[in-house]
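Just passing along the structure, written as structure tokens.
Convention: sequence-line order gives letters A, B, ...; per-chain numbering from 1. Since we're looking at a predicted model, the values are computed, not measured.
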Protein chains: 2
Amino acid sequence: MASTSDPSLPPDTTPPRRGRPPAGARDAREAAILDAALQELIEYGYEGVTMLGVARRASASKQTLYAWFGDRDGLFAALIARNADASATQVSSALESAADPGEVLRHYARGLLTLLTGPASVALNRAAMTSAPLAARLLHEGRHRIGPLVERYLADLADAGVLDVDDPEAAFELLYGLVVQDTQIRVLLGEDPPDAADVAARADRAVARFLRLTAANPGR
Amino acid sequence: MASTSDPSLPPDTTPPRRGRPPAGARDAREAAILDAALQELIEYGYEGVTMLGVARRASASKQTLYAWFGDRDGLFAALIARNADASATQVSSALESAADPGEVLRHYARGLLTLLTGPASVALNRAAMTSAPLAARLLHEGRHRIGPLVERYLADLADAGVLDVDDPEAAFELLYGLVVQDTQIRVLLGEDPPDAADVAARADRAVARFLRLTAANPGR
DNA sequence: TATGATTCGTACCAGCGAGTACGATTTCTG
DNA sequence: CAGAAATCGTACTCGCTGGTACGAATCATA
């Protein structure tokens, strides 16, 4: 997540990079710029992010930003796309474990809470709140892509007779509500995010409740 | 909630009000300015609200805005305070009914969902996401003032033996999660708010689940 | 080695909005 | 009725940011 040089290191005396860069460095350079943009976003918020600020933090030039990302919105779009990819792969891997469903769900719930209260997600969601196109992107590449993954998992559990769930989408929303409660909105509004222990406790409690509400228990 | 003149009326030919206003009009005038500010906020978002725009919509002068509210932040602070007051009184009245607890909770839950997905709350929450001082105010005058009201109600139900609740705050958060789920965040990100029937259905289902998880049922 | 491609840094322009100043107008108060 | 008070509308300053232009520097390539 860090993107700038460690301040404890001796001050960077290298003169600014100039001229055509070595071949093959484009991807790393682009990632560095997105890192810089995310960091600026975390520190200053959507409206506080300036193209000049991002360029400076990445030791790039404004013109490169415009050449690569088109304009300011393009930069944020790229940022959202990258983070959505990371989130989706994380959730997928969490759900692909073959462990006991309760364990899988607890793992997923902890990951969800950690993700949603993490600085990147918080900054991006805050930004999206003030920009309709960004919000659409975030919803499209985030929730609307990750939700179905979980819904399919829950539907599979229902097919296997573990859960008594007829509407996977509703079940996903129930699980979400039990896990997240008002934590996300409070963190978005500036409260401190829960620590790891808190996250684990909340997640485990939520999953227990979820199972209590949806478990197929014919023998009771 | 409306604040400007009905566009179906004949065009307003009255010349702009000038000079010292009649005595005692201050309160209504201030409310009109806050209405205008809220409307601008709903239409254009936090960064899109300009002092000139608010002044024009309220047929006031920028200087009056500055004289009464100090600066831009002061205007928003006043807006938050007024809306928080309205919300608090609404919740209080909902909880003070002497009806069956389930009925009271359903009523409260419907009101909560309607409130949180309404244009005023959505606009204010979005604004708060991009301004830490605003967020602190919203949290302080909103959630941190309304939450305890509900918690006390739940604690009373526990004392009366209706609910099996040892931590009223946790119980409030559970109820909140069951009711709101991901509805608020989705509306904040631009999805259409649920209609009245949807709100009622979600609220009722949530309360049923809440009671199932917390009802004191010694005879089962 | 010579030419072209790519990038950095700086300078520049245009637009916008917060906040201020001021004259004109109306109402209040003595 | 006369002066004070409050308000409106307009005009102005000032700083900031998105976006563009251009020379200088460096690397790739033939």
Tell me which residues in residues 66-80 of chain A lie within less than 4.0 Å of DNA chain D, going by non-hydrogen atoms.
Tyr66(A), Asp71(A), Arg72(A)
Looking at Leu188(B) and Ile185(A), what are the two nearest heavy atoms and their distance?
CD1-CD1, 3.6 Å
dG9(C), dC8(D), dT17(D): which one has an atom nearest the side-chain heavy atoms of Ala60(B)?
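Within the option list, the nearest is dC8(D).
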Using side-chain heavy atoms (C-beta onward) and a distance below 4.5 Å, is Val207(A) in contact with Asp204(A)?
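No, their side chains stay 4.5 Å or more apart.
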Side chains of Ser87(B) and Asn83(B): any donor to acceptor distance under 3.5 Å?
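Checked: Asn83(B)/Ser87(B) side chains show no N/O donor-acceptor pair below 3.5 Å.
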Gln63(A) has a side chain; which of dA11(D), dG9(D), dA21(D) sits nearest to it?
dA21(D)
Nearest-Å distance for atom pair CZ/P, residues Arg56(A) and dT10(C)
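Taking CZ of Arg56(A) and P of dT10(C), I get 9 Å after rounding.
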Starting at atom CZ of Arg20(B), determine the distance to atom P of dA6(D), rounded to an integer number of angstrom.
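Value for this atom pair: 6 Å.
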Can you check the Tyr44(B) OH to dC16(C) C1' distance for me, whole Å?
15 Å
Please check this pair: side chain of Arg29(A) against backbone of Ala58(A), looking for a donor-acceptor N/O pair closer than 3.5 Å.
yes
Just compare dC28(C), dT20(C), dC8(D) and give me whichever is closest to any side-chain atom of Lys62(B).
dT20(C)
Do we see a donor-acceptor contact under 3.5 Å between the side chains of Ser92(B) and Thr89(B)?
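Side-chain D/A pair, Ser92(B) to Thr89(B): absent.
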Does the side chain of Ser59(A) get closer than 4.0 angstrom to OP1 or OP2 of dC8(C) through an N or O atom?
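The answer is no; no side-chain N or O of Ser59(A) sits under 4.0 Å from OP1 or OP2.
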Whole-Å distance, Leu65(B) CG to dA6(D) P, equals 17 Å
For Tyr46(B) and dG17(C), what is the distance between atoms OH and C1' respectively, to the nearest whole Å?
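From Tyr46(B) OH to dG17(C) C1': 13 Å.
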Nearest to the side chain of Met51(B), which nucleotide is it out of dA18(C), dG18(D), dC8(D)?
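When the side chain of Met51(B) is considered, dA18(C) is the closest of dA18(C), dG18(D), dC8(D).
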Are Arg72(A) and Tyr46(A) in a cation-pi contact, defined as NZ or CZ under 6.0 Å from the six-membered ring centre and within 45° of the axis?
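Yes, a cation-pi geometry.
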Would you say dC8(C) has OP1 or OP2 under 4.0 Å from some side-chain N or O of Arg29(A)?
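Looking at the OP1 and OP2 atoms of dC8(C), one of them is under 4.0 Å from a side-chain N or O of Arg29(A).
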Under 3.5 Å, is there a donor on one side chain and an acceptor on the other for Gln184(B) and Tyr176(B)?
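A donor-acceptor contact under 3.5 Å links the two side chains.
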Could you tell me the separation between the CG atom of Leu52(A) and the P atom of dC8(C), rounded to a whole number of Å?
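From Leu52(A) CG to dC8(C) P: 13 Å.
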What is the distance, rounded to the nearest whole Å, between atom CD of Glu40(B) and atom C1' of dG17(C)?
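These atoms are roughly 13 Å apart.
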